[in-house]
Amino acid sequence: MATPATERTVSLRETGPAERGSRPDEVVIALSPAFAGEFTKTIVDLPHAEVLRQLLAGIEEQGVTARVVRVRDTADLAAISHLGAKLSGSGIAVGVLSRGTAMIHQKDLPRLSNLELFPQSPLLDAEVFRKIGSNAARYAKGESPEPVPTRNDQMARPRWQAKAALLHLKEFDCIEADRGPVEVKPVFELSHA
Amino acid sequence: MATPATERTVSLRETGPAERGSRPDEVVIALSPAFAGEFTKTIVDLPHAEVLRQLLAGIEEQGVTARVVRVRDTADLAAISHLGAKLSGSGIAVGVLSRGTAMIHQKDLPRLSNLELFPQSPLLDAEVFRKIGSNAARYAKGESPEPVPTRNDQMARPRWQAKAALLHLKEFDCIEADRGPVEVKPVFELSHA
Amino acid sequence: MDTRLVVGVDVGNSTTEACLARVGPDGAVTYLGTALKHTTGVKGTPENADGAVAAVREVLARAGATVGELHTVLLNEATPVISGLAMETITETIITESTMIGHNPATPGGEGLGVGVTVPIGELLGDGRDSERPVIVVVPHGWDFDDVAATLNSAVRDGVDVVAAVLAGDDAVLVTNRLEKRIPVVDEVAAVEKVPVGMLAAVEVAPPGRTIRTLSNSYGLATVFALDPAQTRQVSPVARALTGNRSAVVIRTPTGDVTDRLIPAGVLELRGAGKTLRVEVDAGADAIMDTLARAQPVDDVHGEPGTHVGGMLAQVRDTMTDVTGQPASEIAIHDVLAVDTIVPAEVRGGLAGEVALEHAVALAAMVSTDRSRMQAVADQVAAELGSSAGVGGVEGAMAVRGALTTPGVDRPVAVIDLGGGSTDAALLSASGETTAVHVAGAGELVTKLIASELALDDREVAENVKRYPLGKVESFYHLRHEDGTVEFVDEPLPPHVFARVVVMTPDGLVPVPTRHTLDAVRRVRREAKRRVFCVNAVRALRQVAPQGNLRALDFVVLLGGSALDFEIPDMIADALAPHGIVCGTGNIHGSEGPRNAVASGLVDAYAEEPG
Amino acid sequence: MDTRLVVGVDVGNSTTEACLARVGPDGAVTYLGTALKHTTGVKGTPENADGAVAAVREVLARAGATVGELHTVLLNEATPVISGLAMETITETIITESTMIGHNPATPGGEGLGVGVTVPIGELLGDGRDSERPVIVVVPHGWDFDDVAATLNSAVRDGVDVVAAVLAGDDAVLVTNRLEKRIPVVDEVAAVEKVPVGMLAAVEVAPPGRTIRTLSNSYGLATVFALDPAQTRQVSPVARALTGNRSAVVIRTPTGDVTDRLIPAGVLELRGAGKTLRVEVDAGADAIMDTLARAQPVDDVHGEPGTHVGGMLAQVRDTMTDVTGQPASEIAIHDVLAVDTIVPAEVRGGLAGEVALEHAVALAAMVSTDRSRMQAVADQVAAELGSSAGVGGVEGAMAVRGALTTPGVDRPVAVIDLGGGSTDAALLSASGETTAVHVAGAGELVTKLIASELALDDREVAENVKRYPLGKVESFYHLRHEDGTVEFVDEPLPPHVFARVVVMTPDGLVPVPTRHTLDAVRRVRREAKRRVFCVNAVRALRQVAPQGNLRALDFVVLLGGSALDFEIPDMIADALAPHGIVCGTGNIHGSEGPRNAVASGLVDAYAEEPG
Ligand SMILES: Nc1ncnc2c1ncn2[C@@H]1O[C@H](COP(=O)(O)OP(=O)(O)O)[C@@H](O)[C@H]1O
Ligand SMILES: Nc1ncnc2c1ncn2[C@@H]1O[C@H](COP(=O)(O)OP(=O)(O)O)[C@@H](O)[C@H]1O
Ligand SMILES: [Mg+2]
Ligand SMILES: [Mg+2]
């Protein structure tokens, strides 16, 4: 009997400006300006609630704590992820854009570098986001996990290119220049489809 | 043939507000408001130049780098040391007052705690300051050194109590409330006694 | 005779070395330089000429001399000793009737012991539910952790005594964090659908950093499943297999079991000294080597046809046939080195990809083909260089002569050439005669043992682990060496080494793809070197020492590529010290270290009696 | 006879255990509870009564019964086996004529090899300076690092070939950072004034994470000092002693040397089976135990008077005299366990506090005094409780009876009681007879080995290292367990554990004052347990097994305090598995684990024939 088709939604309650964390057992999840706000789904219609829930679950299963911040002044994945890493007590952060592209970053790395990159948003399902959260938490524990296996589907590129560009532009419109990152509390609600 | 009697002096050139360091191989030396400024010697007339030079030497011998900051808004040893630890890339700092009292602190410790405390300034000679620098650098490297052996001379207390109180009050006068810590470059000069 | 310019050339399995010298009329030798090139083609075949010529040209160029001035080239009579390698697993762990789950996942949930009947989560609620007996809930793939927790909580509220759970996904911590009643949960059971349903089972999870106490104790199993003594004896291998785990599941199946089967690897037949001795491969390395020692000198070695070891030696003979051109039947194996090793292998019948450390035996075998082919190489070298060239002497004798140029060495002196395929020893007695032997096993066997024990697919990584010390990258700005000292770097280290065990090679940090700790990798590296080079050094020296008595030896000089290793020479010196032997790495001409011994020896031999 | 309330009481060396039961008219036994108290006074002496009475009162109170209802108390006939411990170092390292400095300081300076004549820094400048030969500068206490660097720089500018330096203070990195010419520098040489002046010397420093290659190779020393073969043989122990160092200094003194002297520890005399066998203590543990096995059963053991081992056994006999009240001459030692161990000790003649790992032999010796004193204790217990009390049976037989209450156990069954002083084994054959033996060495010897090998002064810390797993505090918020898993804490950990190896005791983290890594401490802990408990388990079982054949045994049950250990039972089970033995920790009445076996056995024996 498969799990009942529950559709979850998430709202992000702002709790104040994002501060540097001091606890080494903390991973920061840095969200792009339009994530779970202007947009509610990824490029393949995976609900942002599910993306966030699986990232948090991957981190929790490893016995590590998580903090969610909303970045407002940029839509660039590397910038968002590196900012998250600078705020994170362990120095490890996961950055994610509305369309789904994601990255694991670390505070001492050059901004344009990363620990793991997931560029093809159409290929990222709930299971991949769970593993991204888990690997980020394992780096925070000083472990060296195998990188998350991702399919490389050359076919996906053309089909989704147009939609990706559109979502990218829309996300840009949501940028609020020179407004600092805020800490947010995700509140999940169950809505039976 | 003992080393020629060289008397050194030090001047602290301010290079800007003290920032958080990112390099894990760095120990911060946090100086009290009047150190090598209003005062130039400890309670037992050990030149501040020699105190700073031996602390720096202890750190350099361990292959660790050092950064010196001047704290201006407090003369409390624990506050000075903990502020230094917060700024230090390794989270380890050495705090020292004009009269010589010193402490090794760490950023995650409660402010009123410490790794090692050297309360009896009259008993602190050049060799002790060299070992304080060395131990601080070893904590930064994740080692667990034996605490620096210090004599506990009950006799010293009464004889020096008055002078210590006087120096303490004078140091208080040098406090510049709500002025942040500054990074300083120590410049040593040889002056043949 | 006036002074003559000569070059000694030593063609080895992997390296070809040259030594240029001026020999005076009175036989006095002045060394002018050395050169080292990769051997071209297989040792002892005409293809070697290119490498030899290249080495001669380089050593001449370095000394500013021309080919024209060259009087003669002296090549080593390499008794081509060719080694082959093979490895066979001799134990196999099998779980029958899914009686045990022992994969020890990284993040199990909860703590303690739960004993009850296995029930699929689908049948937990509704009227069919079982609220008398304690139950262990089995959760298949596809269930979300929130739904699993909700279902278990409501079952408990309905009076079902849920005592433990077994999950397909990596959800144990997520589920236990959401349960009202704290129970032990084992997760990441890939083949969870194979867990027998309606059976009595036990689940145990120890606190962090601890190991289980009940399911790893035969009498613990007897208590949990109320077993009689005969049943307890039958399940005791399950307790042994679960020792050291932090979590485990045992299911009471009628005849379910875990066996550590010995794979019949076959019998080795050792012919020598007029006898034929037989030894089971799975008796282990010591038994094999003891039997070998009783059949010295060995004429030939065969493996029982149709068995693993039969296949192993056939494989070695095949490589020899392409190398020597001789038919397989003519190939005589004159020495073998057997080494016990462990190979991580998946457990047959495991439900969650359990891996067990199986025992294996690695065999290095050595063939000596007597036909000398170095003269053919010499002729070709002479043709290409337009100077005379010939075979100057046998490898072993030349090596020990070269060793004499090491400061502090005197006759009688023994050398051990620590090469890639074989380990060669030679003794130069006080009276000047030389005895030389070759034993199987050297650098390549060490690399193979490291690769198999650390499950490294890339042979290049295994070679690096062998050659250089290890480090652990603890942050982007510092790493800790294997001796515990910390080193800081100015530029952040590359992401692919972050938090990894790395090899400190001259051209940078090479990550070792293993979940072992630095200390565990270090132990595997040193053990492999000890079991090959310390064993072979003593074995080879015994064959050259007078009456096989090591005490009769004075000076031992270590030569060859593996003598450049940062720890092998110390290990061999320690192994020989109790016998009162002075053992150290050679230093040819006081400057070349352990390289160039044979090439230098060829020059000295020529200088004594210019053939 | 109606039902009677009885208590079995087992007085051990450290613990006194009680078992309360109701025995029905038909001999059926219903267990009502157990209790455990500290033994008062030395085992087998009247002072034991208080502990026994306390245990009886507690077990009665727990079951809500009164002393009045008590029928009788049954005490164990403890063949008082008392063990003593002694340890003696049998090797000593001596440096003569200050020929070597090998303390391997943590922060040497520079890199490479420098060979030259030793010159005090004071004589470096001025006209007396030596600008022909390479020099190694020796710097006494009191010199400031800036002045040292300035002096060396100006000497080099004046044409002095400074090739290395040896410093008193910890200034090597400070000095090399300020030198124009990079040279290797060894520092922290406390007795630097003893460094011979005007002598040829060599200083070598390896890069970070590496070890020296030249001064640890006999032929490297020969090359550096142009030694002839005889001199090379003479200095080869220096090379051996410097193996594994990152830095070293060797000074060419005429007859300077480093010797690893064997301290004549004396001869052990083993009398038994009509023979007297002698064995040198410094032949090591294996030799001693092999000789012991040939003198079974042992009547007595003596140490050669005036030698170390003589002193060792005299020491054991003295402790026995105060315990048993018997004169030393009457004390018969019936068993010894010898264990090889290593003891870090300062090197005689060292200039910089060098420490060497010396070999030592630890001896546990066991005395059995046949006079039974348990009856006196029983009388006192009876008096205090006002109920009858008597001796119910011999310890070994009672223990094996109690073991039978463990689920899954059947006759024939052997028990091994892993105590503090001795390890006791007993076999209950199918036909019901019991054979019991005692061998020397158990928990206390393990604690002593751990304390000596890790140089721990505090015995309490050594006991903790024995009993609980280790961890490494990596930050104020997390620690890594010995199995590699990480655990985070909410509140910052106390400063005194920062960056230390700690023991994870139930009442918090206890730092281990050692510079060893976690893995090294773990290896010492497991090795100590293996060399005492695995050796003794097999040794004791051989003495009770039919014809000494372990294969004849079926079930083995582990009892006693050390059976509570988190890894000893698994180690013993692994050691016995190859003999087809089912071995595990006991579980008395299916609930008490390895405790209460003897007390329960006393009750069962009484129920069978109420004496
Ligand atoms: N620096 C080194 N450290 C450790 N092993 C080495 C080093 N250089 C070569 N080797 C090993 O030496 C072996 C080759 O020895 P070499 O004497 O060159 O071969 P051969 O004499 O058969 O031509 C190989 O197994 C190689 O791994
Ligand atoms: N939890 C434990 N883990 C390991 N060893 C233990 C534990 N408890 C007791 N011991 C060891 O057991 C020994 C005492 O055993 P015990 O059976 O109580 O003594 P006895 O039987 O001689 O009275 C001591 O060496 C002690 O260190
Ligand atoms: Mg998990
Ligand atoms: Mg130093």
Side-chain angles (χ1 to χ4, degrees), chain C residues 106 208-211 213 216-233 235-237 239-240 243-244 246 406-410 469-471 481-487 504 515 517 519-520 554-555 557 566-567 569-570 573-574 577 582-587 590-591, chain D residues 106 208-211 213 216-233 235-237 239-240 243-244 246 406-410 469-471 481-487 504 515 517 519-520 554-555 557 566-567 569-570 573-574 577 582-587 590-591:
Chain C
R210 304 297 298 252
T211 58
R213 304 300 297 278
S216 61
N217 172 15
S218 302
Y219 305 121
L221 290 175
T223 308
V224 161
F225 294 120
L227 303 178
D228 65 35
Q231 292 167 329
T232 303
R233 164 170 288 286
V235 294
S236 79
R240 288 278 40 72
T243 303
R246 180 178 164 207
T406 296
V409 171
D410 193 6
L470 298 162
H481 293 281
E482 68 176 59
D483 68 359
T485 54
V486 163
E487 187 173 342
M504 317 279 299
R515 38 158 197 69
T517 61
D519 269 295
D554 253 328
F555 295 98
V557 179
F566 69 102
E567 58 191 353
D570 292 338
D574 283 349
V582 176
C583 171
T585 311
N587 190 9
S591 62
Chain D
R210 303 299 298 251
T211 59
R213 304 300 296 276
S216 61
N217 171 15
S218 302
Y219 305 121
L221 290 175
T223 307
V224 161
F225 293 120
L227 303 179
D228 66 36
Q231 294 167 325
T232 303
R233 164 171 287 286
V235 295
S236 80
R240 290 276 41 74
T243 302
R246 181 180 164 208
T406 296
V409 171
D410 192 5
L470 298 163
H481 292 282
E482 67 176 61
D483 68 358
T485 55
V486 163
E487 187 174 342
M504 318 279 299
R515 39 156 195 69
T517 61
D519 269 292
D554 253 328
F555 294 98
V557 178
F566 69 101
E567 56 192 354
D570 291 338
D574 283 349
V582 176
C583 171
T585 312
N587 190 10
S591 61

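We name chains A, B, ... by the order of the sequence lines, and we start the count at 1 in each one. Here the structure is a predicted model, which means the values were calculated and not measured.
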Option that, when pairs with chain C are counted at under 4.5 Å, heavy atom only, ranks first among [options]:
options: D/A573, D/S236, D/G590; result: D/A573
options: D/G244, D/A226, D/P208; result: D/P208
options: D/V486, D/L470, D/V409; result: D/V409
options: D/T232, D/V582, D/N587; result: D/V582
options: D/L227, D/D570, D/D483; result: D/D570

Open item on the list: At a 4.5 Å cut-off on heavy atoms, which part of D/T585 comes close to chain C: side chain, backbone, both, or neither?
Closed with: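 Both backbone and side chain.
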
Work out which heavy atom in [X] is nearest to a heavy atom in [Y]; give both atom names and the distance.
X: C/G408; Y: D/A222; result: CA-CB, 3.7 Å
X: D/S218; Y: C/C583; result: OG-O, 4.1 Å
X: D/P229; Y: C/D410; result: CG-CB, 3.2 Å
X: D/P407; Y: C/T223; result: CG-OG1, 3.5 Å

Task: Results of side chain to side chain donor-acceptor pair (under 3.5 Å) for D/R240 - residues two or more places apart only - done: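 Only C/D574, D/T243 meet the side chain to side chain donor-acceptor pair (under 3.5 Å) criterion with D/R240.
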
Name the region of [X], side chain, backbone, both or neither, that has any atom closer than 4.5 Å to a heavy atom of chain D.
X: C/E487; answer: side chain
X: C/V557; answer: both
X: C/T406; answer: side chain
X: C/D228; answer: backbone

Task: Residue selection (most heavy-atom pairs with chain D, distance under 4.5 Å) from C/G471, C/S216, C/P469, C/A239 - done: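 Counting heavy-atom pairs under 4.5 Å, the top option is C/P469.
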
- [ ] Identify which of C/Q231, C/R210, C/E567, C/M504 forms the greatest number of heavy-atom pairs closer than 4.5 Å to chain D.
- [x]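 Winner by heavy-atom pair count: C/R210.
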
Task: salt bridge (charged side-chain N to carboxylate O under 4.0 Å, His left out) partners of D/R213, counting only residues at least two apart - done: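 For D/R213, no residue satisfies salt bridge (charged side-chain N to carboxylate O under 4.0 Å, His left out) once neighbours in sequence are set aside.
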
